[in-house]
Amino acid sequence: MERHFDEELKNLKELLLKMSILVEKAINYSIKALVERKTKLAEKVIKSDNSINMMEIEIDDFCHMLLALRQPAAIDLRFITAAMKINNDLERIGDQAVNIAERTREIIKEPLLKPLIDIPLMATLAKKMIKDSIDALVNKDESLARDICKRDDKVDDLNNQIFRELLTYMMQDPKTITRAVELILVGRHLERIADHATNISEEVIYFLSGKTIMHHMEDIKKQQ
Amino acid sequence: MNDTKIDVINFNFYYSGEKALNNVTISIQQNMVTGIIGPSGCGKSTFLRCLNRMNDVISGIKVEGEVLLDNEDIYASNVDVVKIRRQIGMVFQKSNPFPKSIFDNVAYGLTINGIRDKNYIVEKVEKSLKDAALWDEVKDRLNKSAFDLSGGQQQRLCIARALAVEPEVLLMDEPASALDPKATLKIEELIQELKKKYTIIIVTHNMQQAARISDFTAFFMMGELIEYDTTSKIFTTPSMKVTEDYITGRFG
């Protein structure tokens, strides 16, 4: 039986989809600004964060309305609580894109320390994780969501690699420290973005199956 | 806690050859509220009435399996049915006070059980009315007709009447479905108080009510117990798809 409520849940899904598109765009532009050394593009990311913030409020209000008026249970309840957390994760990803844009403004004032290879690669992986996590939500694809959680390790490895490499620069020549730290921070922001995408996937799994997988709960339960 | 008060084992119930309950097995926990939910005609009221042999009065019924109250089968041949119904009281959907005074309504169960001690009866009536959260509203007019009370008050009077004979289990068949939200809230609050002393089993059509007041929820469909678990599990992550579909209003 199609319920009127299903229409509202569909609207909520569409809002999350819209927000994820804004967020992906923010990451795209912030990395493009860094690679192509465009201050204006970085400024654009910083300015446009407000629309992501407004959207977070809109989604939150909508979820509160649904909880209060529809008193959802089971899969409906899990979807709405997951949506609230995903909403928060997306907003935080937007903040990380702003952080990257702010770093970019500083980085492009000076010559590049080294060619950018791993950072754009990290950005590509992280963006794909976000896109897939929202696809998993929309298409109710639990196995895709589980796959995303595994991909997080690859992003972590790249982040560590960037850190180690830039450490050697700093040790050889202390004058490179400022520029190296800025790049390390960009890596760190991208790593956080991938973490948020992982959180989203964990929420999707809870929504679909009722299973809690965050903080390695499945492994802990198996051991018990 | 977590002691079993009523153990229903492989229970079947037939109305003139028609199977109304199919192989129901469930352990009702002591001092807990167990909510029974399910679509109309799923057998939830039938099940409730089996727990104190209220169905016995219907001709052509057949019962198989066991209903153990504190490990004693209430369907055993040597059982005193009147005693069972004293131990397992019942409150119905429509409040049904007797055409008597408020006092006599509550005292009724005591007097028909042969109690003549006036002081004892007065004490017991007051205590029952207090337990049913009605005392303060009626203490100055105990001799007035029960029909002078509001719907919600009448229902609490019926609860007081059930409590007067000191039951151990209270069966409630949609006790608040005919009441306004305020009176409903009062009954729900009362149930939370009552479970400290009694084991409560409540049939309700109102899903939110089951979610609010019960500790355990049993979902029935077509005479079968589909799923039985803690209320929080049933309403957040039920195991069966059909349970999920029912409590999210996709059918029923």
Side-chain angles (χ1 to χ4, degrees), chain A residues 1-13 62-86 136-137 139-143 145-146 199 201-218 220-222 224, chain B residues 33-42 44 174 176-177 180-182 184-185 188-189 202-222 225-252:
Chain A
M1 188 174 74
E2 181 80 2
R3 306 163 302 168
H4 175 67
F5 185 32
D6 290 323
E7 193 63 31
E8 292 174 318
L9 294 176
K10 214 174 100 197
N11 291 343
L12 176 57
K13 214 177 253 186
F62 191 50
C63 289
H64 286 143
M65 184 278 282
L66 292 176
L67 287 175
L69 303 188
R70 306 291 174 254
Q71 295 164 11
I75 195 162
D76 299 332
L77 175 70
R78 298 202 303 274
F79 175 62
I80 295 171
T81 53
M84 292 180 83
K85 290 185 173 187
I86 291 168
L137 174 78
N139 301 326
K140 300 187 175 177
D141 187 343
E142 188 182 334
S143 67
R146 284 183 182 273
N199 287 353
S201 305
E202 289 169 350
E203 287 307 322
V204 170
I205 291 164
Y206 180 71
F207 151 53
L208 293 175
S209 67
K211 285 181 222 145
T212 303
I213 70 152
M214 63 171 114
H215 311 309
H216 307 286
M217 278 312 288
E218 279 186 333
I220 292 168
K221 273 189 185 152
K222 256 181 229 157
Q224 283 167 355
Chain B
V33 178
T34 301
I36 299 178
I37 59 170
S40 296
C42 71
K44 55 190 189 299
E174 304 213 41
S177 64
D180 67 26
K182 201 173 156 207
T184 299
L185 183 66
E188 289 181 2
E189 288 298 320
I202 176 169
V203 163
T204 176
H205 256 118
N206 181 332
M207 220 86 68
Q208 271 77 38
Q209 183 170 64
R212 277 194 301 269
I213 64 175
S214 62
D215 301 294
F216 291 87
T217 297
F219 170 57
F220 277 74
M221 206 173 74
M222 293 164 78
L225 174 62
I226 305 292
E227 189 167 352
Y228 173 52
D229 213 317
T230 60
T231 299
S232 64
K233 175 88 168 62
I234 295 278
F235 282 86
T236 56
T237 53
S239 306
M240 309 288 287
K241 174 86 170 64
V242 57
T243 312
E244 184 139 270
D245 285 347
Y246 180 69
I247 64 163
T248 54
R250 287 182 167 82
F251 78 91

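Proteins come first, then strands; the chains are lettered A, B, ... in the order of their sequence lines, and each starts at number 1.
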Let me have the donor-acceptor pairs involving side chains of residues 201-211 of chain A, under 3.5 Å, with sequence neighbours excluded, atom names and distances please.
from   : atom 1 : to     : atom 2 : distance (Å)
A:S201 : OG     : A:A197 : O      : 3.0
A:S209 : OG     : A:I205 : O      : 2.8
A:S209 : OG     : A:K211 : N      : 3.1

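The residues A:K13 and A:D6 are annotated as not salt-bridged, no charged nitrogen and carboxylate oxygen being separated by less than 4.0 angstrom.
Considering only residues two or more places apart in sequence or on other chains, B:A210 meets the side-chain contact (heavy atoms from CB on, under 4.5 Å) condition with B:I37, B:T204, B:S214, B:F235.
B:F219 has its ring centre less than 6.0 Å from the ring centre of B:Y246.
Using a 4.5 Å cut-off between non-hydrogen atoms, the part of residues 237-244 of chain B that approaches chain A consists of B:T237, B:P238, B:E244.
Pairs engaging residues 203-218 of chain B under the salt bridge (Lys or Arg N to Asp or Glu O under 4.0 Å) rule: B:E188-B:R212, B:K195-B:D215 [sequence neighbours left out].
Using a 4.5 Å cut-off between heavy atoms, A:I75 touches chain B through backbone and side chain atoms alike.
Using a 4.5 Å heavy-atom threshold, the side chains of A:Q71 and A:L67 count as separate.
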